Structure formats: C-alpha cells, structure tokens
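Reckoned from all heavy atoms, side chains included, excluding hydrogens, waters and symmetry mates. Each chain gets a letter, A, B and so on, in the order its sequence line appears, and its residues count up from 1. On a predicted model such as this, the values are computed, not experimentally measured, just so you know.
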Number of protein chains: 2
Amino acid sequence: MHDVAKEKTSDIIQSVDVAIDVLLHVAKHPDIRLSDISRNIEETKPRILRMLRTLEQRGLVRKSKTGTYRLGNTAIVLGTAASTQVDLVRIANPILEELGQKTNETAQLRIIDNGESLCIAKFEPMRDLRVQAMIGRRRPLFAGSYKVLLAFLQPQVRMQMIPATLPRFTNNTITNHAKLLQELENVRKNGVCVSYGEVSEQLVSVSVPVLAFDGSVIAAINVAAPAFRTQQSDVNRYTLLLKDAAAKISARLGW
Amino acid sequence: MHDVAKEKTSDIIQSVDVAIDVLLHVAKHPDIRLSDISRNIEETKPRILRMLRTLEQRGLVRKSKTGTYRLGNTAIVLGTAASTQVDLVRIANPILEELGQKTNETAQLRIIDNGESLCIAKFEPMRDLRVQAMIGRRRPLFAGSYKVLLAFLQPQVRMQMIPATLPRFTNNTITNHAKLLQELENVRKNGVCVSYGEVSEQLVSVSVPVLAFDGSVIAAINVAAPAFRTQQSDVNRYTLLLKDAAAKISARLGW
DNA sequence: CTGACACGTTACGCTTGACGTAACATCAAA
DNA sequence: TTTGATGTTACGTCAAGCGTAACGTGTCAG
C-alpha cells in the first residue's frame, strides 16, 4: 500500500468518524436521501443506514415520511448549549451586535478551520439591502479581507495555507503570489485588511484580527457592505470601530 | 442471560451511540473531565478517550489546557443549521416572539421527548424580572401546565407516561392519580392548562397544545409569569393569545 | 520524604461488533 | 414488461475497537 493521500487515522474510531461525516452532511444538505449520502461519503448503503438509524434514535436527525433526512431536535439543543460554552462566541456576540448597530452593516466573527475561514457568529442589521452572513459558511483564506487571518499567522504555517495557484473570483482578486505576500505584509503593518470586491464584485469588506496576548491570531471580525454606499470615510470609520471591538473581545477573553 | 432491563439495541451501532452519549454529556456538563465522563457513562477510560479524540478532531468538542472538555465550533454550526431545518422551530420562533412581546412575559415551545417535556424554542422579554427559559431544559409531563401535552395524547400512550407515584414539588402539585386524570379531562375540554404554582410556588404558567390536522398533539406553547403580577384577567388574555398563536403555528405547518 | 491515590495515557492481544456482499421488495419511468 | 433506481434484511467474515494491565505524572496526606 502506498497510502499516498491516506490520512493517518491514529486513534480515531472510524465508525464514529463516519457518523460525524453523515451528520455534517445532513446539516449541509437538508432533505437528503440515503443513497445520496452513500454516494457522497463513499460508503455502502447498509453502513449509512445503520448510522442514520443510530443518529435518528437519538434525535440528531429526523426522517421524513418521504424518506429524506434533516437535522433533529437534539441538534438544536446541542447547538444552543455550544453557543454558551464556546467562550469566543459568547463574548463576541454582544460586541458584534454593537458593532453592527453602529455601522448599520453586517458583521461577522470568523476563525481558521481546516485551511478555510469559518463564520461562527454574525449580526445582520435591519435594513432592506444588506450583505448576508451565515453561520457555518466557509470562505477561502487567501482572498477577500479574511486574509487578515493569514497575515497574522506564523510565516511557516502561513505558507502551508496558500495554494499553489490562486483561483480568480473577480477582476480584483489577487492571483499573484508575490503580490499576495506583499499585501499580507501591509495588512500586518496596518492591522486591518480591506477588500474592494476581491471575492464579490459589489462588496467592500473590512477585517481586523482578534489577537491573543502573545500576538497570535484567534479570529477575525469583519464588516461587509455593498460597495455603492461605502465611501472611503466609511471604511476608515469601520476600521476604527472594528479595532475597538477586537480589543474588547481580546480583553474579555482574559488577556 | 436474563436481559431484564437490557434495551433491545436492534441495528444500532454501539460505538456511535456511546459517542453521542459522550457528546450530550459534555453539552450538559461543560468543563467536565475524562474520568467523570467515564464514571457517569459507565464506560472505560480508554474508550471514552478514543471517543473524545474523535469528537475533538472534528471540532464537536474542545479540550482546554487543563484537560476539561467543552462543546466546540462544529456544534455551533450544527445547531444553527438545525434551527433552520426543523420546521416546527423555524415556524414557531417568530410567532413565539410576537406572543412574548404582547404578553411581555416568557414564552416557550415544548415537545414530548423521552417521556418528558423538552424546551426547543423560547422568547424572553426585556424586563428585569422574568421567568427564565432554556432550550434543552427538561420538565416532567405530569406536573405544571405542560401536562397539556399529556392531556392530548391517545389514552393508552398517556397512561404509560404517568409514573406510579407522582412526586410533589409544591403544595399545589397534584399527587393523586384520579385527580390528575380528572384535570387532564378538563384540560382537553378547555384546550388550555393553567398551573398555579404546581412546580414552582411563585409561578403561573399557561399552556395550550399545538395540534396536527388529525387532532394529535405536536407540541405545546406556554407563557410563564411571576404569580404576584398575574391576575385572572391576565390568564384569560394569555389563553386567548396562546390559542391564536397555536392556531397560526398549526396553519403554517401546512395543515 | 514517601507512600497512596487520583489523573491521563499507551500498548497489545482477544473478541465481538460492525462490516460488505448478496438478495430482497418496491416503485417509477422507459 | 423491463430496467434501474430506491430502501431494506440477512448473514458469514474479519479487523476495528474493545478492556486489561501497566505506565508516567501530579497532588495530596502522613
């Protein structure tokens, strides 16, 4: 066996691991059916069926009359408990709300997870047109203002997170490695990253890092707004508010 | 083997089942340590360790530097997804909020789960003194206004849910079987259940059922308030508002 | 200082739990 | 009817996951 791309599964209990795969798959694809899960996860149908039955009996998933699966009540209970247990989220939420109220734009809290940025808290203002945020949504680390997360990583770790070729999303996407590294340098110097439509043409996004006492990056908070109503002065204001909010979060995390 | 109290584990994959035990246990007891989980679940430490490692690698739990475990980021993502996938919760939430705003008291959505009532959605008003509700909290079915859930069950199912001896919580708790059955009869007739301090001395709680098209009970919604500021007129008003809200939920569920 | 007793962790040989194959029933479309 | 999906059951096989035992470590009490 070459086990080229095979993960080293040291001490992981595989049936549980696959069950988590199934659970997260149902989370991502509501009303999915057994066969589709089996195909996507690449496991046999009887195995997936056993998994689903186990999850269902515990209320983590629910089977509809038509045979499709969704998350169940236990998942709600679990998630609610989690929101109060994860310090970062619990602390950030009110600060994020204040930030969103002041800017009247969408604010997010994002962490690095599995080589991507993951939204784990958000605030959306009450106005007709706003940027939509979604808890659980993943975005690349190397494009848009979330690359602030990249900028504050240790150099050797950072390099591993940057793919060989940088995919293009818009005209403004940075696809040149040297340029990206230069930009990361600037971001680190200024403590803020502003994206003018690097991922979506019409959006401006401003992110700052949430740092630990030792300068390591914990998360990023950001404000995203439609480009047409965002002047340079707004960006400056958001930056100040973001830095203030980030400092508050850091402080309240105990540093 | 007598397998007297042994559950029939037909087709359930045990290691996954235990992993769920562990996960829910962490949810219920934040900052718990390996040994305690092992003791409570009654499984060996190596087993639990393997479970925790698997859960941790997927971000469902997180291990602190001191060796205690909490829920992790993935649990948040999961729960958020679940809130949007479970029809009942998604539909009930805005209606519950409206109900809570109108009454200016705490409102809850509760279902039957495992012989208890389980809170799966809530609204708490912005005022200094209010009844606290918590998603995931369980309460008995046979005491307080949640017995509305019991009242609308099919008779044979209902009997199985009522324990041989009814524990007393307060002076007002119904501990007599005949009396309880009589009360359930009234509740079914009136479509509402009012508890004057049956579980907590100082609380008044009003619940109505959310019924399916066929008359089967799906859930209960309730309003709970401190007794000292709740007159009979308030109870009457809550009842009307609750019945209205329950009808809306039923309708929006597609019946 | 030194037992004594927690804690988490590792190693490993044994067993049974969980696996995949194959066959099944059912339905829908061709 | 045939074809090709679906979900499901049954069963014999095998290795995944188990518990035992022993380890290292830290913290109390004596």
> Who passes salt bridge (charged side-chain N to carboxylate O under 4.0 Å, His left out) against A:R137, sequence neighbours left out?
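If we apply the salt bridge (charged side-chain N to carboxylate O under 4.0 Å, His left out) test to A:R137, skipping adjacent residues, there are no hits.
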> Taking atom C1' of D:dA5 as reference, at what distance in whole Å does atom CG of A:D36 sit?
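Rounded to whole Å, this separation is 11 Å.
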> Give a yes or no on whether the backbone of B:F152 and the side-chain of B:R188 come within a donor-acceptor separation of less than 3.5 Å.
no
> Give every donor-acceptor pair under 3.5 Å between a side-chain atom in residues 74-83 of chain A and any protein atom, sequence neighbours left out.
from  : atom 1 : to    : atom 2 : distance (Å)
A:T74 : OG1    : A:R58 : O      : 2.6
A:T74 : OG1    : A:G59 : O      : 3.2
A:T80 : OG1    : A:I76 : O      : 2.8
A:S83 : OG     : A:G79 : O      : 2.9

> Whether A:K45 contacts C:dA23 is assessed here as follows: a side-chain N or O lying under 4.0 Å from the phosphate OP1 or OP2. Is that the case?
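For C:dA23, OP1/OP2 do not have a side-chain N/O of A:K45 under 4.0 Å.
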> If the sugar-phosphate is the primed atoms plus P, OP1 and OP2 and the base is the rest, what is the B/S/- string for nucleotides 10-22 of chain C, using protein heavy atoms under 4.0 Å?
B------SSBBB-
> Per the ring-ring contact (aromatic ring centres under 6.0 Å, His included) rule, what does the pair list look like for residues 29-59 of chain B, sequence neighbours excluded?
B:H25-B:H29
> Rounded to whole angstroms, how far apart are CZ on B:R33 and C1' on D:dG26?
11 Å
> Can B:S117 and B:R110 be counted as having a side-chain donor-acceptor contact under 3.5 angstrom?
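On atom types as modelled, these side chains qualify, holding a pair under 3.5 Å.
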> Please identify each residue that fulfils salt bridge (charged side-chain N to carboxylate O under 4.0 Å, His left out) with B:D244, with sequence neighbours left out.
none
> Quick one: do A:I37 and A:V26 satisfy side-chain contact (heavy atoms from CB on, under 4.5 Å)? Show the steps, please.
CA-CA 8 Å; A:I37 302 176; A:V26 172; 4.0 Å; yes
> Rounded to the Å, how far apart are B:L34 CG and D:dT25 P?
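It is 18 Å, rounded to the nearest whole Å.
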> Looking just at side-chain N and O atoms, do B:Q108 and B:Y146 make a donor-acceptor pair shorter than 3.5 Å?
yes
> Would you tabulate the nitrogen or oxygen pairs shorter than 3.5 Å linking the protein to nucleotides 4-6 of chain C?
none

